[in-house]
Amino acid sequence: MGFLGGLGYGVQGTYLLDVIQDILLKSYHTINQVHIVYLGHNDGLNASLTASLHLQLLSGVFTRSDEARDAILYSYSYGFSGFAAMLNSTQAAKLSEAEEVISIFRSRMLEIHTTRSWDFMGLSLHIQNEQSAGMQLKYGDDIIVGILDTGVWPESQSFRDDGHLGDIPSSWRGTCVEGEKFDPATACNRKLIGARYYLAGFESEVGPLNTSGGAEYRSPRDRVGHGTHTASTAVGAVSPDASYVGGLGRGVARGGAPWSRLAVYKVCWFKDLTGRCSDADILAAFDDALRDGVHVISASLGSTPPLMPLFMTSTEIGAFHAMQLGVPAVFSAGNDGPDAAMVQNVSPWVITVAASTIDRRFPTVITLGNNVSLVGESFNVNDMKMRLVESGSVFSDGSCSFDQLTNGSRAAASGRIVLCFSTTTASSGVAALAVYAAGGAGLIFAETISRRSTQDNFLPTVHVDLRQGTRILDYIRGSSRPPTARFSPSTTLVGKSPAPAVAYFSSRGPSSISPHILKPDVTAPGVNILAAWPPMSSPTVIPLDKRSVTWNFDSGTSMSCPHVSGIVAVVRAVHPTWSPAAIKSALMTTAYMYDDTSDVMLAGGTLKAADAFDVGAGHVDPLRALDPGLVYDAGVRDHVLFLCGLGYTRYQIRQMVLPSPSLDTSCGGEGGGAAPPEYDLNYPAIVLPRLNATVTVKRTVTNMGPRRDAVYRAAVVSPHGARAAVWPPALSFSPYRDTASYYVTVAPAKLSRGRYDFGEIVWSDGYHRVRTPLVVRVTTMPDTDTGVDVDVAAARAMDTATATQLQDS
C-alpha cells in the first residue's frame, strides 16, 4: 500500500500520487545542469571554426540560437573537440542521438586527494653523489609541467626566479592571467611561466564563488594550499633550511625537477574545507594546457567509485588526447584504501600513483605520572604537562565525537589531555576537534598499528598504538592520585624505520571498470611530505587554526602524484623522443618491491606484504628509470584495438584518434579476425582476472639501452596456482632490430573460486632488470553466488603434463 493510500486516501490518494510524480518528472526534465558533450579530436580546425560547429550542433536542441549561445560554458577546440553547456535531460538525450557525439555526461564535482622524500629515493644534492645531483640540477630547464589543482602562492621560495634559469622555452604559448590579488607582472617569472583559472563549471553547479574575507581568490592565487604544495613537490626550486613549525623536518626542500618550468591551471576551489573541481573546468584546463605547450600534466584529483566509463570522465578524455600529442599525464590513485578495487584514474594512458612512506618519523615522548614513558608520534612543539582523563569521562559513550558531548564535558576536559581510541572514533581529526570543543588541551589518540599515522590536528595530538593506549588507560583507571601526562617536544628521526610501506589510505586495485589493466601503476612518497604552503592558509585549513606557515606537511596520493610528475619531467628531458607509454614503462619496469631492510614492502592498513594491487609495479626508482633497458611502447594502433574492446565503432574511433595516412582504425586483429582481448594491450603488466583455461598473452619490447646488440633472458615466477612460461626464453637485439615480441602462456593449476595471486616476469641482460608483474585470478570452481556452471571434473583432470611442460620450458 502506498504512503497516501496508507493514510486512507484510497483512489484519491493514488490520483494525488500520480500528480506528484508527474510534477517531479516534469521538473527533472526542465532543470538545467552542466553537461559535457565529447566529440573526439578537432580534425585540425582552428578554434573559431570549431566553436561555430559546436554552436551549430547545440542550436539543434534550442528554439533560438541566442539561447544556445548563452548555454555554452566552454568550447574545447585544441587538444580535442567538445563543449560544456547548461542542458536539461531532454536536450541531453536528443544531443546524444547525433552521430558525431561520442559521449555526453553530467559534469561531476571531483575532489583533491589530500624534502626528505627525494633523498630517500636516492636523489641527494650532496656533491659526493654526482649522478643524482646531476640528474635533478642538470635536466629539465626546457620542460614545462602543468599542474591542475587549487592554484599557486607565487611568492613562495619554491617559485622564485633564480639566476640559473634560462629564457622561457620557445615552445611556450601560454599566458599569465590577471585576477584578484594576482598581478602577472610580479606573480609570474621564468620559473612560474603561466597561470590560469577556471570557474564557469564550478559556479554553474555550486553558485557564486565566496571571496569575502579572503575565503577564496577569483584568480590563480591558491587559498587551499594543496596546489602550492603539489607544484612545489613536482618542480619547486632548491630551498635551503625549509622546515615545519618548531624546525621539524628541517632540510633542503626541492621538487623532483627543480629546473623545470611551472604552468598552473586552477580548477579546484575552496568548498567544505577542501578543494572541489568541476569536470567542465578540468577539461577546459586540459585544452588550454595542450595549446600552451606543456610537456607533462599533473593532477592530484579524482572521484570515488563507482567509476564512470573512461570517455565519460574529464580526466580520462583530457589525458587520452594529451597522450596522442606526446604529453604524459600523471594522476593520484585516491585515498580510499585499504579496501580493494577503490583505485581511481584507471585508464591505460595515464600514470596512476599510489602513496607510500619514507624513512622519517617524529617521535614524541609521553611521560605518565607514574614515571612510565612511552614513545608516540606527533608534530608537538611545546613541553606540556597536565591532568589526563579517558574519553568516557568527557563523552557520553566514550566515542570522542561532537554528538556525544554532555553538559559535564567541559568540566571534565577543561585544560586536560584526553585519551581517545580509533575503535570508537572516526579519526584523530574528529577526536581533536571534539576534545577542543570540550575545552581539552591535548589528545592521545590510540589506533591500530596498521593505521598508525602522524598528522597535525591543530590541538596537540600524540598518536600511539592500541597496546600503548591500553597501558595508558590502565594507568588512568588504576592510579591512586590524579593521573597526569607530559608531552615532550617532537623530534625528527631519519633512517630508523623500515620504508617504504604502503600508506593505509592509498587506494588499491584491481580496477573496477578495466580489470585487465593493472592499477595503480607505481607508488611514491605520499606521507608527511614537506612542501611550500600559502602563509594565509593555516596548516590544517581549519578556521579555528590561526597559525601561519610557509612550509607544511601533508599526506595523500595527492603528494605522491607530483613526485612522479617531477621524475617524468626529468625522464622527458633526458629522452625527449620517448612516448608517454615508453616513459610509463620505464617507471614501472624499474620499480622495486622491497623496503630498506630488504624485506617486501608492508601494505599499510593490513599486516601483509604488499602486492601489485597495493603498489602496481612497485616503488619508483628515479635513477634506474633513466636507463630501463627495455620498454613496452604502445602506439596508436594499440589504443585503437583497446577502444574496439570497449565497444566503440570504427566511425567513433576515427573521431577519437588523430588521423594519419597509414592508420588502421578497423577492429579486426591479425588476419582480419576479431579484435585481440584487452590483456593483449602492450602494457608493462599482465593481469588475467578470469583464468579458467590456458591463455597466451603477447608483449612487444623495444631496446632503449646503450648496447644495441644486447641479449635478454627471461626468468619467470608463476603465481600460486598457475603455471606460466615464456617463449622465446631469450630476446636478441641488434643495431638493425630494436624490437622483439614474446608470448606468455598461463595455465590454471589449482581449483579456485577466484582469488588473486601474483608472480612476475623478469628480463635481464646482466645489467638491466626489466620486471613485469603477472597477476592472475584462477576461476576453475563454480561460483555458487552467481550460478555459473564450471566443469569441476574437467578442472580436476587438468592436463598436468602441459602444466609441467610450461613450468620447465
Side-chain angles (χ1 to χ4, degrees), residues 116 243-250 357-394 398 400 412-425 427-429 431-432 435-436 438 440-499 501 504 527-528 553 597 602 604 607:
R116 165 67 188 162
S243 68
Y244 188 53
V245 177
L248 291 173
R250 188 180 303 279
T357 63
I358 59 175
D359 61 345
R360 180 174 61 193
R361 296 173 50 226
F362 302 95
T364 307
V365 176
I366 302 173
T367 305
L368 303 178
N370 59 2
N371 289 323
V372 171
S373 294
L374 305 98
V375 179
E377 290 198 48
S378 177
F379 295 133
N380 183 52
V381 297
N382 298 314
D383 193 319
M384 49 189 289
K385 180 179 180 180
M386 55 198 64
R387 285 279 303 277
L388 174 65
V389 296
E390 62 173 294
S391 59
S393 302
V394 180
C400 299
S414 182
R416 299 176 181 181
I417 295 171
V418 180
L419 172 66
C420 296
F421 283 81
S422 64
T423 50
T424 59
T425 308
S427 69
S428 63
V435 169
Y436 177 82
L443 169 68
I444 298 175
F445 193 73
E447 54 199 332
T448 169
I449 57 174
S450 64
R451 288 177 177 251
R452 182 172 161 183
S453 61
T454 309
Q455 66 183 57
D456 191 326
N457 293 319
F458 167 58
L459 189 76
T461 302
V462 181
H463 296 255
V464 298
D465 63 39
L466 288 177
R467 181 172 178 271
Q468 293 171 312
T470 302
R471 290 184 65 188
I472 297 170
L473 181 62
D474 290 343
Y475 159 66
I476 294 172
R477 291 176 173 175
S479 178
S480 57
R481 292 182 295 179
T484 62
R486 175 186 177 186
F487 290 175
S488 298
S490 303
T491 59
T492 303
L493 185 64
V494 173
K496 300 298 183 181
S497 56
Y504 76 86
V527 178
N528 292 328
F553 286 118
T597 67
L602 190 67
L607 293 179

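Given the structure is predicted, the values throughout are model-derived calculations rather than measurements.
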Atom pair CG (D474) and CD (E390), whose distance is rounded to the nearest 0.5 Å: 10.0 Å
Sidechain-backbone polar pair: T461 side chain, L459 backbone, donor-acceptor under 3.5 Å: yes
pair I476-L388: side-chain heavy atoms closer than 4.5 Å: yes
Greater than 12 external heavy atoms within 6.0 Å of I449's CD1: no
Distance (rounded to the nearest 0.5 Å) between I472 CD1 and I444 CD1: 4.0 Å
Considering all heavy atoms, the nearest G469-L419 contact: O-CD2, 3.7 Å
Heavy-atom pair of closest approach, residues T367 and S373: OG1-OG, 3.4 Å
Nearest atoms (heavy-atom pairs only) where G442 meets M384: CA-CE, 4.5 Å
Interatomic spacing from OG in S427 to CD in Q455 - rounded to 0.5 Å: 6.5 Å
is_close_aromatic(F445, F421), centroid dist under 6.0 Å: no
Polar side-chain atom of S490 near backbone of S378 as donor-acceptor pair, under 3.5 Å: yes
Side chain Q468, main chain L374, donor-acceptor under 3.5 Å: no
Shortest non-hydrogen contact between A441 and P460, atoms and distance: O-CD, 3.7 Å
Audit row: F487, I417, side-chain contact (heavy atoms from CB on, under 4.5 Å) steps and yes/no: CA-CA 10 Å; F487 290 175; I417 295 171; 3.8 Å; yes
Short side-chain to backbone donor-acceptor contact, D465 and R467, under 3.5 Å: yes
From L466 atom CG to R471 atom CZ, the distance as rounded to the nearest 0.5 Å: 14.0 Å
Steps toward side-chain contact (heavy atoms from CB on, under 4.5 Å) verdict (Y436, N457): CA-CA 10 Å; Y436 177 82; N457 293 319; over 6 Å; no
Backbone N/O of A501 and side chain of T357: donor-acceptor pair under 3.5 Å: yes
Backbone N/O of S453 and side chain of H463: donor-acceptor pair under 3.5 Å: yes
Minimal non-hydrogen separation, R387 against P482, with atom names: NE-CB, 3.4 Å
Side chain S479, main chain R481, donor-acceptor under 3.5 Å: yes
Any donor-acceptor pair under 3.5 Å from R416 side chain to T484 backbone: no
Contact check, side chains of Y475 and P483, non-hydrogen atoms, under 4.5 Å: yes
Minimum-distance pair of heavy atoms, taken over all atoms of V418 and A413: CG2-CB, 4.3 Å
Polar side-chain atom of N380 near backbone of V462 as donor-acceptor pair, under 3.5 Å: no
Spatial distance of atom OG (S243) from atom CZ (R250) [nearest 0.5 Å]: 4.0 Å
Nearest-0.5 Å distance that lies between atom OG1 in T492 and atom CG in L248: 4.5 Å
Short side-chain donor-acceptor distance under 3.5 Å, T454 and E377: yes
Short N-O contact, R486 and D383, less than 4.0 angstrom: yes
Check: Y244/D456 side-chain N/O donor and acceptor closer than 3.5 Å: yes
CA sep, side-chain torsions, deciding dist, call: V375, I366, side-chain contact (heavy atoms from CB on, under 4.5 Å): CA-CA 6 Å; V375 179; I366 302 173; over 6 Å; no
Parallel, tilted or perpendicular, as decided by the 30° and 60° cut-offs, for the rings of F362 and F379: perpendicular
Side chain S391, main chain G398, donor-acceptor under 3.5 Å: yes
